[in-house]
Protein chains: 2
Amino acid sequence: MTLSMTMTTTERLRSLVDTLEASELPELSEELVCSLNLPAGLVEELPIAEVAALTGVSAHTLRYYERIGLVDVARDAAGRRVYDSQALARVVFVTRLRMSDMSIRDISHYIGLVRQGSSTVPERLAFLQAHREAIRQRLRDLNGALAVIDYKITTYGGYCEP
Amino acid sequence: MTLSMTMTTTERLRSLVDTLEASELPELSEELVCSLNLPAGLVEELPIAEVAALTGVSAHTLRYYERIGLVDVARDAAGRRVYDSQALARVVFVTRLRMSDMSIRDISHYIGLVRQGSSTVPERLAFLQAHREAIRQRLRDLNGALAVIDYKITTYGGYCEP
DNA sequence: CCTTGACTTCGAGTGCACTCTAAGCCGTAG
DNA sequence: CTACGGCTTAGAGTGCACTCGAAGTCAAGG
């Protein structure tokens, strides 16, 4: 598997997942997940445009995420945003949570726990586990909808009303 | 598997899917899908409150769906809505499409095709097939997000920032 | 007869997650 | 020097999918 430098992290995740079994719990090596989070060779400071290109999140949305407190971003001498590897990792993690339908409100809550330090680790863990269950329920629902649509396609050919 | 009369169709679908293999294409018998669409014994006319209870869609939302043209509903002598089995089936189908993240705009388009009659069958079929692909992509993305979150849970225990 | 409660309509309001605008600053290429 | 493109800010605007409110109608129960 090659994870090109020109892909967004979402595309990288897709190409990664495409190579895995369709089981609900694909195994990811630490190496793979790390390469997903922080593409090798891009560990230094990045301007907003590069973060946007890398993550597939628009510059507008990146500023929005910072404004509502999801990411802390430093500035250069001219006042422009400079994303270090930690900020980039945060953006990627937030997009991963968004992709799994976690609301901005819940992500803010989680980030708030992170800010409070390691005393909140148990709560964070419980939070992620609860979200994991929500994802699994969503997967079941989606599979059900897919089955019904597949059934409609194969049996009715789109003909039978409704 | 028992599909109780007191469950919403979404709950019915879930209990149905829970009994199936976790493969992406569970097989559904015609009998099962039909029982899902139209619970036996409820083939006659229903007031809005019963449709709401049966489908899990609020009366407000049912009126909204009618207003934007997703469902046609007859009235009784007093002007109250009367859902026949066809209207109920339409509501259920719409909720199924909504559950699979199809936008209201796209559902309206599909219903528009249905209204135009059988000449649009090929287009409807293509539409459903395209949507099927969107669902499958969504399933892959969701699985990827699940994998990353699982990885975070098991490896970092919620501790490692971010 | 009168009240109750479920229904009706129309239009306005809500919450979410962006998404864009406008006005202005800064560093480099020509 | 100047024009340009990309960045900055605060705040307003957008689109979606509901969701609710207000005012009124109607049938059944006490």
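We name chains A, B, ... by the order of the sequence lines, and we start the count at 1 in each one. As a basis for the values below, the full set of heavy atoms in this structure was taken, side chains included, without hydrogen atoms, waters or symmetry mates.
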So, using side-chain contact (heavy atoms from CB on, under 4.5 Å) as the criterion, who are the partners of A:Ser100 when residues are at least two apart?
A:His131, A:Ile135, B:Leu142, B:Ala145, B:Ile149

Is A:Arg81 near enough to D:dT9 that one of its side-chain N or O atoms lies under 4.0 angstrom from OP1 or OP2?
yes

Please list, chain by chain and in numerical order, all residues satisfying side-chain contact (heavy atoms from CB on, under 4.5 Å) with A:Ala77, sequence neighbours excluded.
none

Residues forming a side-chain hydrogen bond (donor to acceptor under 3.5 Å, both in side chains) with A:Arg81, sequence neighbours excluded
A:Glu66

If I take atom NE2 in residue B:His60 and atom P in nucleotide C:dA12, what distance separates them, rounded to the nearest angstrom?
17 Å

Counting any heavy atom closer than 4.0 Å, what does A:Ala49 reach on the DNA or RNA strands: base, sugar-phosphate only, or nothing?
sugar-phosphate

Which nucleotide in D:dA17, D:dC20, C:dT21 has an atom nearest any side-chain atom of B:Ile104:
D:dA17

Contact check, residues 66-75 of chain A vs DNA chain D, heavy-atom distance under 4.0 Å, returns A:Arg67, A:Arg75

Mind calculating the distance between CZ (A:Arg105) and P (C:dC18) to the nearest angstrom?
15 Å

List the residues meeting side-chain hydrogen bond (donor to acceptor under 3.5 Å, both in side chains) with B:Thr55, not counting sequence neighbours, and say none if there are none.
none

Taking the side chain as every heavy atom from C-beta outward, state whether B:Ile104 and B:Tyr64 have any atom pair closer than 4.5 Å.
yes

When rounded to whole Å, the OH to C1' distance for the pair B:Tyr83 and C:dC7 reads 12 Å

In whole angstroms, how far is the P atom of D:dG6 from the CG atom of A:Leu62?
16 Å

Distance, nearest 0.5 Å, that separates CZ of A:Arg136 from CG of A:Asp141
13.0 Å

Please tell me if B:Tyr65 has a side-chain N or O lying less than 4.0 Å from either OP1 or OP2 of D:dC18.
yes

Considering non-hydrogen atoms only, spot the tightest contact between A:Phe127 and A:Asp106 and give its length.
CZ-O, 3.4 Å

Taking CG from A:Leu46 and C1' from D:dG6, how many angstroms apart are they, rounded to a whole number?
16 Å

Expressed in angstrom and rounded to an integer, what is the separation of B:Arg98 atom CZ from D:dC16 atom P?
11 Å

In whole angstroms, the gap separating C1' of C:dC18 from CG of A:Leu97 amounts to 17 Å

Rounded to the nearest Å, what distance is computed from the OH atom of residue B:Tyr64 to the C1' atom of nucleotide D:dG21?
18 Å

How would you label the contact of A:Ser58 with the nucleic acid (heavy atoms, under 4.0 Å): base, sugar-phosphate, or nothing?
nothing

Straight-line distance of A:Arg90 CZ to A:Leu70 CG, nearest 0.5 Å:
8.0 Å

Reckon B:Arg63 has a side-chain N or O less than 4.0 Å from the OP1 or OP2 of C:dT8?
yes

Classify every nucleotide of nucleotides 24-30 of chain D by which part a protein heavy atom approaches to under 4.0 Å, writing B for the base, S for the sugar-phosphate alone and - for neither, in 5'-to-3' order.
--SS---

Checking A:Ser58 side chain against A:Thr61 main chain: does a donor-acceptor pair fall under 3.5 Å?
yes

